[in-house]
Amino acid sequence: MMSSFSFLFLLLIVALYAGTVKLAALLYKRARLSWRDAIIFSLILLLVLGAGMLFNRLSGDVIPDVVAVAASVVIQVGIGAWYLAARARTLDGKPVGSKGAAMLSLIAYGLLVPLVMVWAVMHSAMMH
């Protein structure tokens, strides 16, 4: 039962983030991004950031939380600049390029911050 719940939770995270990336594309100069590319980007981030969190936990949490959050922003923007540069398109069909894709990733990150904060407060309240 727990493993199916964990799998559904991971699917929910990917879907939520893919939707956030699509919204960020819309907010960023009305850029277009396919659902396929938004989902692949979300999966890449889940794998990379999840592996980083796992290695940090396994090493005894040697990286402070503040540094980990800053690193996750840099990693997300870097992966976004790499992956989304040729896939996100302007209204006239041209790729947004690395700078535009990095900005799109940063907007998506900013959209998620309030959701993560609400989740953290709710999770903390349920644990007490």
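What you are looking at is a predicted structure, and each value in this text was computed from that prediction instead of being measured. All values below come from the heavy atoms of this structure, side chains included, with hydrogens, waters and symmetry mates left out. Sequential numbering from 1 along the given sequence is applied to the chain's residues.
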Cluster question for you: counting only ILVMFWY and a side-chain heavy-atom cut-off of under 4.5 Å, with indirect links fine, are Phe55 and Val67 together? no
What is the distance from atom CG of Leu26 to atom CZ of Arg32, rounded to the nearest 0.5 Å? 12.0 Å
side-chain contact (heavy atoms from CB on, under 4.5 Å) involving Ala24 - partner list, sequence neighbours excluded: Leu104, Ile107, Ala108, Leu111
Rounded at 0.5 Å granularity, tell me how far CH2 in Trp35 sits from CD1 in Ile39. 7.0 Å
Hey, could you give me the CE/NZ distance between Met103 and Lys29, rounded to the nearest 0.5 Å? 9.0 Å
In short, Pro95 meets Ala86 closest at the heavy-atom pair CB-CA, 4.1 Å
Nearest heavy-atom pair of Leu33 and Asp37: which atoms, and what distance? CD1-CB, 3.7 Å
Should Tyr17 and Leu106 be regarded as members of a common hydrophobic cluster, given that ILVMFWY residues are connected when their side-chain heavy atoms come within less than 4.5 Å of each other, either directly or indirectly? no
Working to the nearest 0.5 Å, report the span between CD1 of Ile79 and CG of Leu49. 6.0 Å
Side-chain heavy atoms nearer than 4.5 Å, only ILVMFWY residues, links allowed to pass through others: does that put Leu43 and Leu10 together? yes
Distance col, row Leu12:CG vs Leu16:CG, nearest 0.5 angstrom, shows 6.0 Å
Same apolar cluster: Leu84 and Ile44, side chain cutoff 4.5 Å: yes
Smallest heavy-atom separation, Arg30 atom then Leu91 atom, equals O-CD2, 3.4 Å
Counting only N and O atoms by type, is there a donor-acceptor contact under 3.5 Å from the side chain of Ser72 to the main-chain atoms of Val69? yes
On a heavy-atom basis, which atom in Ser42 and which in Ala18 lie closest, and how many Å separate them? OG-N, 3.1 Å
Should Leu45 and Ile63 be regarded as members of a common hydrophobic cluster, given that ILVMFWY residues are connected when their side-chain heavy atoms come within less than 4.5 Å of each other, either directly or indirectly? no
Determine the interplanar angle of the Tyr83 and Phe41 rings, folded into 0 to 90°, and report it as parallel if under 30°, tilted if 30 to 60°, perpendicular if over 60°. parallel
So which atom in Val62 and which in Asn56 form the shortest heavy-atom distance, rounded to 0.1 Å? N-OD1, 3.2 Å
Could you report the tightest heavy-atom contact between Ser105 and Gly80, atom names first, then the distance? OG-CA, 3.0 Å
Rounded to the nearest 0.5 Å, what separates atom CG in Leu23 from atom CG in Leu112? 10.0 Å
Donor-acceptor contact below 3.5 Å, side chain Lys22 vs main chain Ala38: no
